[in-house]
Amino acid sequence: MQSEAKPFFKRKVCMACRICVDACPVSCIDTASSGTDRDPHGYPFLADEAACISCNQCAETCPVEAVVMQAAA
Amino acid sequence: MSKGYTGKILVVDLTSGAIREETIPDRVYETYLAGMGLGAYQLYRKIPAGADPLGPENVLGFVAGLLTGTGSLFTGRWSLVGKSPLTGGWGDANCGGMLAPAIKRCGYDGIFFSGASDKPVYLQVGNGKAALHDASDLWGHDAVETEEILTRRHHKKKLPRVACIGPAGEKLSLISGVCTDRGRIAARSGLGAVMGSKKLKAVVLSGTRKIEPHDRAAVHALSRKCNRWATFEIPFFSGKMMGRLGTLMRILPTQTAMDGMLFKMMLSKWGTSSMNQMSVEMGDAPIKNWKGSNTDFGPQRSMGVNPDLFRECEIVKYHCYACPLGCGGICRTNGHYTETHKPEYETVLALGGLCLNEDRDSIFQLNETLNRAGMDSISAGATVAFAIECFEKGLITAADTGGLELGWGHTEAITALIEKMIRREGIGDLLADGTRKAAARIGRDAHHYAIQAGGQELPMHDGRGDPGYALHYAVEASPGKHTVGSQLYYEMYRLWKKIKHLPKPDLLYFKNSKYTADETKAICSATCSKYINLLNGSGACLFGAFLGADRFPLFDWLNAATGWDKTPEEYLAMGAAFQTLKQAFNIKHGIDPRRNKPSARALGLPALAKGANKDRRVDLDKMIRDYWHLFGWDQDTGQPSEDVMQYLLVGETAN
Ligand code: SF4
Ligand code: SF4
Ligand code: SF4
């Protein structure tokens, strides 16, 4: 993992279980909810990229490997 | 070595303001797991016999399950434990949302409060740092407002998670609960009033500590397997068809053993409201304060609450922490509140069929109103149904109700009455503590219409349709709860797949056979109690367990998370120890287990003259004796023996 890698969420695999949301120490992952750009399932997305400290907690705790750390564009 | 639990609790004395950590020995986890089991272990030892549930001696605990945060699925449920002011005995309430992992991320398996503050306070906890703050400015705010204010106030890097009481808990309503995540509520047992009596408005948690299982890769591998079952779907029929399926199930003299996969698919499509009409049709839902039947709330009338009408308001699905299923939903609604959690089946039936109210919009509004107030919708709906019947019988009149003409299906009066209960205004004050207290206040024969067990209003599953519910309403330490067992639940748990000596239900059986009180039924019920204790100790959701023990790998998750090597039989023995400890808690606090039987009407005395449960009568006496015997308790009194208690306290002396 590169130090600036950011999480990318694979929707096809994701269960929308919010484990990654809880694991993130800086709460920069959010799920779609009312008032945001929404999808009816409530999948997670990186809501605050600047806040992400690339700690890998989201990827490590996701049980289904739906989080891939990728170098930021 | 990491074992999935933190090994520590936080203990807060609200009288002195002292806050300290306590280390919990491993042997306690190996006897009771964490979560509610750890709660029972603490409360049995710490609450003195005879303590006033609303006094400083009571202890209120927020506990997280052993599996929470380990990478297992369906394991984000936290529990609230305390001595119940509603029943006078063991009290617990279970809730989802995001609070469970937040407790552990602060470094604790539980947070326990004793004493009472003289002014409103809230507790804020970060990474091992905890402080009490003044909550005078929050007192009077509803639960959603309180959560918004505290989240804003304490949002530094980590978004805090909040649990709080609303006005109902502040006003010590004995049917109040504790809310989180904008309206998920730990509703039962009246523990909101305990929090209110301690002047504790909220807990705010923003820890970021890691939760470490023994073998994360093994836990994840089990989760991936489980997820395949949790996400399995087949194209499904419409909401209206669920009602027709219920009708068919009523008409047939036989029924088939239920596979929880069917229920799972209903849950992922509609949530628990999938049952709204079906339960009425098949005789699972009590109607008209338990004296009516499906004929009073037939398909035309109940069409107003058909599952599709709830689903069409959903804007996004709602998942509790670690849940792949997401039976919840956030809904857009018409009326004063424009957004609410999707009302649960229990809420829809308690405010709907039980009061013959088919107005969906009123149920959405009342759902939000009750969640914000922090009042249990089951007990609130049951108390309204009780009040309507008292009005019908002339036990209360418009002079008592402040002019409200109470009646079956009078939506406006029902709404106004609940608002009065929340404010404790006029008749609302008399009703705000549930049916047993209200009946005592009204006097005469009002107690006949208070449908409860041990003081707690019965939920929306009729023991006359499945006597397993009736038995659990009677024998559980927290009586009158539907989240433990029934004949249906036993079928869905599929524990015989893991423990070979357990009875396997016949695939097809005559409905009449459900009413025969034989030993097999007692074994099935005792197994349900033990298993639910393990779920509550793990922080697991009942709906995950409905997938069946062969698809929901609870025992394997526990071994992978802790590094233990226990067999399913050994785990069930832990569930039995936990059940005995709760029973001993009740005995210590003067509860006579023989007195927790549900109200006569709910057992078919007198029997209904028509409908799905026509002529059905449930004889509990033999089943209760057999059940107690299976736990090694006295068959006549339900008392555990002294030797058992020594073992249960894992080396400590009984108080
Ligand atoms: S933990 Fe994984 S499966 Fe769960 S919401 Fe995050 S990305 Fe999706
Ligand atoms: S890498 Fe760390 S900081 Fe970034 S989103 Fe994941 S958990 Fe949050
Ligand atoms: S199934 Fe429903 S109640 Fe259970 S954890 Fe999932 S969302 Fe919560």
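Remember, it's a predicted structure, so these values are computed and weren't measured experimentally. Labels below follow one simple rule: chain letters A, B, ... track the order of the sequence lines, proteins then strands, and each chain is numbered from 1.
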*For B/A102, is it the side chain, the backbone, both or neither that has a heavy atom under 4.5 Å from a heavy atom of chain A?*
backbone

_Validation row, ring centre B/W78 to ring centre B/F62 under 6.0 Å_ = yes

*Would you check if B/R551 and B/M261 make a side-chain contact, meaning some heavy-atom pair closer than 4.5 Å?*
yes

*asked:* Looking only at the aromatic ring of each residue, does the gap between the centers of B/F364 and B/Y337 stay below 6.0 angstrom?
replied: no

*Taking B/K317, B/E314, B/R105 one by one, which has the highest count of heavy-atom pairs under 4.5 Å against chain A?*
B/R105

_Atom group of B/S206 that falls short of 4.5 Å from chain A, counting heavy atoms_ = neither

*Is it the side chain or the backbone of A/A23 that comes within 4.5 Å of chain B heavy atoms, both, or neither?*
both

*For A/C28, is it the side chain, the backbone, both or neither that has a heavy atom under 4.5 Å from a heavy atom of chain B?*
neither

*Of B/E368, B/R372, B/Q365, which is the lone residue that meets side chain to side chain donor-acceptor pair (under 3.5 Å) with B/T340?*
B/E368

_Under 4.5 Å from any heavy atom of chain A, what part of B/S223 do you find: side chain, backbone, both or neither?_
side chain

_Result of checking B/E147, B/H341, B/E339, B/E148 against B/R182 for side chain to side chain donor-acceptor pair (under 3.5 Å)_ = B/E148

*Non-hydrogen atoms of chain A under 4.5 Å away: do they reach the side chain of B/K156, the backbone, both or neither?*
neither

_So for A/C24, is it side chain, backbone, both, or neither that comes closer than 4.5 Å to the heavy atoms of chain B?_
backbone

*Side chain, backbone, both or neither: which part of B/Y318 has a heavy atom under 4.5 Å from chain A?*
side chain

*Are any of the side-chain heavy atoms of B/F552 and B/F74 separated by less than 4.5 Å?*
yes

*Using the six-membered ring of B/Y108, assess whether NZ or CZ of B/R209 lies under 6.0 Å from its centre and within 45 degrees of the ring axis.*
no

*Portion of B/L73 that has a non-hydrogen atom of chain A nearer than 4.5 angstrom*: side chain

_When B/R224, B/H155, B/K158, B/K210 are compared by non-hydrogen pairs under 4.5 Å with chain A, the top option_ = B/K158

*Any side-chain heavy atom of A/P25 sitting closer than 4.5 Å to one from A/C55?*
yes

